[in-house]
Enquirer: 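Attaching a single structure in structure tokens format; questions to follow.
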Amino acid sequence: QVQLVESGGGLVQAGGSLRLSCAASGLPFNNYVMGWFRQAPGKEREFVATINWSGSVTYYVDSVKGRFTISRDNAGNTVYLQMNSLEPEDTAVYYCAAKRTFLGSQSAGRYDNWGQGTQVTVSS
């Protein structure tokens, strides 16, 4: 049974930083592409970042480029999202997700496995 468990969310002031973690179990982690998505109240789930199996390729939504960094530890079955210079517009529930192939890794509908999410709130 695949499990993805996010942690690290919280309340932070604008300009601050948070590091999200997603611990994976029940799957061959180093064979899976990992993604981070977010969903703000009343909005659709939005792609944030994705990373390939080895960590050599990453993509980001334009609004977080230069501020967020996705990384992974295949030995520890964990993917991270380092978030710096946070803005109130980053407030959302953040989800990690896993899929087999890199094709379509920016599309939420292409992921088979999802975590429960962690709340990130950025105050102005």
Side-chain angles (χ1 to χ4, degrees):
Q1 179 182 354
V2 176
Q3 276 198 312
L4 302 175
V5 180
E6 302 96 335
S7 61
L11 173 64
V12 64
Q13 287 190 328
S17 298
L18 284 173
R19 188 193 196 201
L20 305 184
S21 300
C22 172
S25 60
L27 76 171
F29 183 73
N30 59 358
N31 289 346
Y32 273 72
V33 172
M34 301 300 295
W36 284 99
F37 291 78
R38 66 187 179 186
Q39 188 165 19
K43 294 189 175 182
E44 292 189 355
R45 194 165 295 191
E46 174 191 35
F47 166 76
V48 176
T50 187
I51 188 166
N52 74 337
W53 311 272
S54 66
S56 60
V57 180
T58 58
Y59 287 114
Y60 299 89
V61 68
D62 285 347
S63 59
V64 309
K65 284 180 182 176
R67 300 189 298 123
F68 291 10
T69 302
I70 188 171
S71 62
R72 65 190 296 159
D73 173 8
N74 284 346
N77 287 5
T78 302
V79 64
Y80 303 98
L81 186 67
Q82 177 67 43
M83 306 186 296
N84 299 329
S85 302
L86 282 161
E87 303 168 352
E89 293 74 22
D90 296 317
T91 295
V93 177
Y94 282 71
Y95 299 89
C96 74
K99 67 190 298 290
R100 279 282 196 172
T101 62
F102 203 62
L103 182 66
S105 61
Q106 298 177 52
S107 174
R110 304 293 285 268
Y111 284 80
D112 303 314
N113 305 285
W114 290 87
Q116 292 294 100
T118 185
Q119 176 70 47
V120 171
T121 304
V122 184
S123 63
S124 57

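Remember, it's a predicted structure, so these values are computed and weren't measured experimentally.
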Enquirer: State the OG-CZ distance between S71 and R19, to the nearest 0.5 angstrom.
Expert: 6.0 Å
Enquirer: To check you understand the geometry: which heavy-atom pair defines the closest contact between A92 and A40, and what is its length?
Expert: CB-N, 3.8 Å
Enquirer: Looking only at heavy atoms, which two atoms of A98 and Y32 are closest? And how far apart?
Expert: CB-CD2, 3.8 Å
Enquirer: With a 4.5 Å cut-off on side-chain heavy-atom distances among I, L, V, M, F, W and Y, is there a chain of contacts connecting W36 to F102?
Expert: yes
Enquirer: Going by heavy atoms in the side chains, are L4 and M34 under 4.5 Å from each other?
Expert: yes
Enquirer: Please round to the nearest 0.5 Å and tell me the distance separating atom CG of N31 and atom OG1 of T101.
Expert: 12.0 Å
Enquirer: So V2 and D112, do their side chains get closer than 4.5 Å, heavy atoms only?
Expert: no
Enquirer: When rounded to the nearest 0.5 angstrom, what is the spacing between OG in S105 and CZ in R100?
Expert: 15.5 Å
Enquirer: Kindly compute the distance separating CZ (R110) from CG (L103), expressed to the nearest 0.5 Å.
Expert: 5.0 Å
Enquirer: Any side chain to side chain donor-acceptor pair (under 3.5 Å) pairs touching residues 78-89, not counting sequence neighbours?
Expert: S17-N84, Q82-N84
Enquirer: Minimum heavy-atom separation for A49 to L81, with atom names?
Expert: CB-CD1, 4.3 Å
Enquirer: Would you say that V61 contacts F68 through its side chain, given a criterion of any heavy-atom pair below 4.5 Å between the two side chains?
Expert: no
Enquirer: Could you tell me the separation between the CD atom of Q3 and the CG atom of L27, rounded to the nearest 0.5 Å?
Expert: 11.0 Å
Enquirer: Would the number of heavy atoms belonging to other residues, nucleotides or ligands and lying under 6.0 Å from CD of Q116 be above 12?
Expert: no
Enquirer: Between F29 and R72, is there a cation-pi geometry (under 6.0 Å to ring centre, at most 45° from the normal)?
Expert: yes
Enquirer: Considering residues at least two apart in sequence or located in another chain, which fulfil the ring pair (Phe, Tyr, Trp, His ring centres under 6.0 Å) criterion with F37?
Expert: F47, Y111, W114
Enquirer: Say whether V122 and L11 are linked into one hydrophobic cluster, either directly or through other cluster members, by side-chain heavy-atom distances under 4.5 angstrom.
Expert: no
Enquirer: Filter on salt bridge (Lys or Arg N to Asp or Glu O under 4.0 Å), then keep only pairs touching residues 32-55, sequence neighbours left out; what's left?
Expert: R38-E46, R38-D90
Enquirer: Does T91 reach the side chain of Q119, with side-chain heavy atoms less than 4.5 Å apart?
Expert: yes
Enquirer: Using the rule given for side-chain contact (heavy atoms from CB on, under 4.5 Å), can you reason through V33 versus W53, listing the C-alpha separation, both sets of side-chain angles and the distance that settles it, and then say yes or no?
Expert: CA-CA 5 Å; V33 172; W53 311 272; 3.7 Å; yes
Enquirer: Side-chain contact, heavy-atom cut-off 4.5 Å: E6 with Y94?
Expert: no
Enquirer: Hey, what do you get for CG (N74) to OG (S54), rounding to the nearest 0.5 Å?
Expert: 8.0 Å
Enquirer: Does the Y60 side chain pair with the main chain of I70, one donor and one acceptor, at a distance under 3.5 Å?
Expert: yes
